[in-house]
2 protein chains.
Amino acid sequence: MQARPKNRKQQIVDLALELLQTHGFENFSYRDLAGQLGITKASIHHHFPKKADLGVALCQAIQEWHEREFARTRSFSGSAQEKLDLYVRGTLKFACGDTKICPLSSLQADIASLPEAMRPALKRLDDHELDFIAELLDAGRESGEFKFSGSARDQAILFVLTCKGALQYSRVHGSEVFDAAMAQMKAQLLGQ
Amino acid sequence: MQARPKNRKQQIVDLALELLQTHGFENFSYRDLAGQLGITKASIHHHFPKKADLGVALCQAIQEWHEREFARTRSFSGSAQEKLDLYVRGTLKFACGDTKICPLSSLQADIASLPEAMRPALKRLDDHELDFIAELLDAGRESGEFKFSGSARDQAILFVLTCKGALQYSRVHGSEVFDAAMAQMKAQLLGQ
DNA sequence: GTCTATACAGCGATAGAC
DNA sequence: GTCTATCGCTGTATAGAC
């Protein structure tokens, strides 16, 4: 209900991101966006001529979100375990609540129906996140906080896909599932 | 290219299941099914008047698949670890290959857009699978093969969502990801 | 930057002939 | 059980006025 929205383009991306996390990229339309923003479909097309353009903008928004959160987590002064917790609860769980899934999980699930231009972007986003988590896990093992075998990269894959899977499961089965899975994984990471 | 297909209905369900695993329930159409089966849309509607009917049939097909595979795994004479391996590789990975995801993961991702009638069915399917895995894990802990803390149910949640997440990740990033994640999880389950 | 108007393909769905 | 034909709606997309 703003008379003059500061940045319509950003507003559209924000709403599209939410619909991506709840319904998936192919399951929301320009009509949905227009309706909820109180403008017409043609206005959305003015900002993003093709839906693939909006899709690329979504990937960029996710990357900026990553960079913000990675920087915040890195600069947080605490143990490796606390940093990992900050990312899981303060970033992933915070961005999803009880009704949304991780935007990257949503894109992965629909990969075969996605516009061509979005696929390499998705792969880069996943890799970027894995690098970051591997860095945290490696530091935690160096400091003796974490116990795991194999490479930090492999453990990061396991860690990240478990978090994402837990978010997806908990949307259907209740958020206790998320807490249970995270507690279970944490215990193993700490060697208990 | 069969002149007189024995069971068209089954044929439709089989193809729909494959499209569910690759594109998602809302991302395949009666047109896709008709085209690939060499008949018309109207013929599909004869077997499944509404798409929700097809959705319910898909859930039933998944349940029958579960019951078959659970029985096969239970009757397999081997250690708990070998049974778990049989389910992961002989059932889940076998049914998905390198290009498909678990049908239940697909339905979970699109839960918000799904026909009403499919949601309770999905929850039951997930629970059924968790019961089965919890049973295997519990037996394995009793026999001293597995080491984990907390309830077998909680560990089953962690185990299953990790398998599903690994299948989804590996479709985008290559099947080495699946092997790495499974090896990593197995090591933790065995207390190594 | 937003609108009206329109185009056109695809969707799920139905009626009725064979 | 399959077909042709058709319906109304929704999807993305474009042209052009304000």
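Note that this is a predicted model, so its numbers are computed, not measured. Each chain gets a letter, A, B and so on, in the order the sequences are listed, and its residues count up from 1.
Between the side chain of A:Q21 and the backbone N or O of A:I101, at least one donor-acceptor pair lies under 3.5 Å.
The nearest whole Å value for the distance from the CG atom in A:N27 to the P atom in D:dT10 is 15 Å. Separating the NE2 atom of A:H23 from the C1' atom of D:dG11 is a distance of 16 Å, rounded to the nearest angstrom. What separates CD1 of B:I44 from P of C:dG12 is a distance of 11 Å, to the nearest Å. Note: CD (A:E26) to C1' (D:dT10) measures 14 Å, nearest angstrom. Note: NE2 (A:H47) to C1' (C:dC3) measures 12 Å, nearest angstrom. For the pair B:R8 CZ and D:dG1 C1', the computed distance is 9 Å after rounding to whole Å. Whole-Å rounding puts the A:L33 CG to D:dG11 C1' distance at 13 Å.
Residues that satisfy the side chain to side chain donor-acceptor pair (under 3.5 Å) test with B:Y87, not counting sequence neighbours, are B:E129. A:F178 pairs by the ring pair (Phe, Tyr, Trp, His ring centres under 6.0 Å) definition with nothing, not counting sequence neighbours.
When each of C:dC3, D:dC3, D:dG1 is scored by its nearest atom to the side-chain atoms of B:S43, the top-ranked nucleotide is D:dC3.
An OP1 or OP2 oxygen of D:dG1 is reached within less than 4.0 angstrom by a side-chain nitrogen or oxygen of B:H46. Under 4.0 angstrom from either OP1 or OP2 of D:dC3 there lies at least one side-chain N or O belonging to B:T40. Residue B:R31 has no polar side-chain atom (N or O) positioned under 4.0 Å from OP1 or OP2 of C:dA9.
Ring orientation note: the planes of A:F25 and A:F28 are nearly perpendicular, at an angle over 60° on the 30°/60° scale.
The stretch residues 111-122 of chain B has no heavy atom under 4.0 Å from DNA chain D, so no residue of it qualifies as close.
Residue B:L86 shares its hydrophobic cluster (ILVMFWY side chains chained together at separations under 4.5 Å) with B:F76.
Between A:H128 and A:F70, the ring center distance clears the sub-6.0 Å criterion.
Among pairs with a residue in residues 68-78 of chain A, those fulfilling salt bridge (charged side-chain N to carboxylate O under 4.0 Å, His left out) read A:E69-A:R72, A:R74-A:E135, at least two apart in sequence or across chains.
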Contact letters for nucleotides 13-18 of chain D, in which S counts primed atoms plus P, OP1 and OP2 and B counts the base, heavy atoms under 4.0 Å: BB----
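Heavy atoms of B:S29 sit under 4.0 angstrom from primed sugar atoms or phosphate atoms, though from no base atom.
Using a 4.0 Å cut-off between charged nitrogen and carboxylate oxygen, A:K93 and A:D98 count as a salt-bridge pair.
Linking Ile, Leu, Val, Met, Phe, Trp and Tyr whenever their side-chain heavy atoms come within less than 4.5 Å leaves B:V177 and B:V160 in two separate clusters.
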